Asks: 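Here it is, the structure, as structure tokens.
A note on names: the letters A, B, ... follow the listed sequences, proteins ahead of strands, and every chain is numbered from 1. All figures in this text were calculated on a predicted structure; none of them were measured in a lab.
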Amino acid sequence: MSSNDQLRSNLHRELVASGKRDQLVELLKSRLIESGWRDDLKAYTKERINSKDSAQSVDEIIKDVSPHARATVPDKVKTELLAQISAFVEDNM
Amino acid sequence: MSSTDMEALFAKIHKDQVSQLELLRHTKRAMDKTIASSKDSSDSAAASLASLSFEILGDLLDEIILDVVSEAHREIKNMRTVCPICKTKYGLMDDKQPLLVVVRAGQDIFGQNPQPSNSQTFDCVHCQRSFPAQRYAPHLEKCLGLAGRSSSRAASRRMGAERAGSGSPFTPVSYSDDREASDSDKDLIEKKRKKNASNNNFQSNGAGASGPNGGADYVTPSPAKPSSSKVKKQKPSKSGSSTKLKGLGLHTPSSTAATAAPRDPTPVGEISLGFLDDSLLLANGRSLQNGSGGGGNESGNGTTIATAAATTTATTGTTQKLSSSNPKRTSGGGVSSSKRPPGSGPSSKNGQVLSFYDSLRAIGSPEGASSDDDDSNSHSKNSHHNNIDNSDDYNGVNIHKKKKSSGDDGRRKKNRGKRGLLSDVDDDYNDEGGDGEYIDRDEDKGNYYGGDDEDFSAMEVDEHTRYGGVSGGGGSGGMVGVPLSSPSASYSSSSKASSQRLPPLVLRLKKSSAYSGASTDAHDMEFIDIDGDGDEDGMDVLQTPKKKKS
């Protein structure tokens, strides 16, 4: 509801303003690269693109690839990030 | 078994299953209710911490996925298009190599490491800093103060600092690459050194000016405009010239030139310049060159140093000469051929550097007999000539507008006596003697140091700067390397004995001996503007002097 949405927007604003969001993005990026997830995803997308004869837009490709991408994120990385985020959310609640 | 038993068994099983079924249904109903109720409250209820976190993580992941996908998409798109160069699609090349553009950090698009192939570095001889090959020359220019005004100022400052620590005016840093350096030069340098020690303390402009110039000349033979014209200043021995010299800065205590010399690799130039005022020194470090060339020639020339502040062509060269020439100068007419180092150039009659004009003079003029005359005449003319010359573009080349120095040493000497150092300068410029002293660098025949023709030729430009100690001896009247850049300025100043500018240094090393055959008169060769080009230069040299004479 609006309160819920309001809550979410406030939280998001707080996240960005404090610079925590950028930090988290960098952290996630580095973890995913280390784990090889990025290269795997890239290869997967290329396959997907090549398999489709018609030219696809980037948005379509994203939609096509996202579920697989999210599912293949290593659990360790997931838990690490979630821990940081929930800590931030709690601090700001 | 009895049928009854079987029936009982089946009945039991049936009952259990039915009860289970019932239980399940009940559960389902209960759950449905729960779901319904939870849906109602989902909006209002605060999202759980976990769900919020999960949402945020989802956002971050989306951003990263976007990056990856766009990269992959771009690569594939590029590969699929036809290469505009080879007109082939990916995969159609013979070698089946992917036409990929490498976008990796630290590599260029071909995947190669962009290391500079030519990475040879050199160490500056002056400041001992290391530079790549392409930057060495420009740095050296600036380091030695040859490049421009600010560079010479900076270099002068440095010179001053350096000088403080070293007492020897002559500090050759490295002459290995100096083509000008030759034995004669070295002799000259030695002479200069001694002279500097005695004279010294000429405060050249900006102290460092002379230094760099001197050094510069020495090291770099001629290129660029003459370095601060290290005007060779004759020792103040001449009373008449004393005033002039003052202007020149001869009397300044710390002849930068002298001091600079020691430090700089081109000590030669340094020494004599001492008295050149800053303006002179600023002239491109031509002096170095002169110094080298003048080494041999210097010997006898009391080269007058006409330092045109801007065009210190003579700089080092001249300075050297001065030092050596000084003694000669004082001797006056007596062409100090004797002074000249044995190796001095061919025509160094008086041991002075014979300028081109000198040689001409030699043909018909007496040994510096009428040097004095010339001086006087030239004086007036000098200013005039100077102006003309100034327009010269001799950046270092013309330097020697020697005026009259017409090789007659005798003449020179005379003039010298009269006018003192400065007078020489003027004379040279005017080339009253008509000995064609006015030499463009091209013509130097070793005039500068009267004797080392060969040296001069090498350093054309440098020679100009040298001031072949034109010591009255041998009409050569020391070549005064008149810095071209500001000949007019220098000349005018010289005539006025203005303190700020040293008169252009006219290197006229005329050897009396050489010119003995030439016009004997001191001003035999009057520098007449024959070709009408407005200045006294090569074309005009050949005219016989008409007048002049003091």
Asks: Contact between A:T45 and B:H73 at the side-chain level, heavy atoms closer than 4.5 Å - yes or no?
Replies: no
Asks: For the CD1 atom of B:I65 and the CD1 atom of A:I61, what is their distance to the nearest 0.5 Å?
Replies: 13.0 Å
Asks: If you count heavy-atom pairs within less than 4.5 Å of chain B, which of A:R48, A:Q56, A:R21, A:K78 leads?
Replies: A:R21
Asks: To the closest 0.5 Å, what do you measure between CD1 (A:I62) and CG (B:D62)?
Replies: 8.0 Å
Asks: On a heavy-atom basis, which atom in B:G58 and which in A:R70 lie closest, and how many Å separate them?
Replies: O-NH2, 3.5 Å
Asks: Can you say whether A:Q84 sits under 4.5 Å from chain B via the side chain, the backbone, both, or neither, judging by heavy atoms?
Replies: neither
Asks: Side chain, backbone, both or neither: which part of B:I64 has an atom under 4.5 Å from a heavy atom of chain A?
Replies: side chain
Asks: Please state whether the side chain, the backbone, both or neither of A:D59 comes within less than 4.5 Å of a heavy atom of chain B.
Replies: neither
Asks: Counting heavy-atom pairs under 4.5 Å to chain B, which of A:D39, A:L82, A:L15, A:V89 comes out on top?
Replies: A:L82
Asks: Given heavy-atom pairs under 4.5 angstrom as the criterion, report whether the side chain, backbone, both or neither of B:I76 touches chain A.
Replies: side chain
Asks: Side-chain contact, heavy-atom cut-off 4.5 Å: A:K29 with B:L60?
Replies: no
Asks: Go through A:I49, A:L24, A:L11 and name the one with the most non-hydrogen pairs under 4.5 angstrom from chain B.
Replies: A:I49
Asks: Taking side chain as C-beta onward, heavy atoms only, is B:L61 less than 4.5 Å from A:L32?
Replies: yes
Asks: With rounding to the nearest 0.5 angstrom, report the CD1 to NZ distance, B:I56 to A:K20.
Replies: 11.0 Å
Asks: Verify the neighbour count for atom CZ of B:F131: are there more than 12 heavy atoms of other residues, nucleotides or ligands below 6.0 Å?
Replies: yes
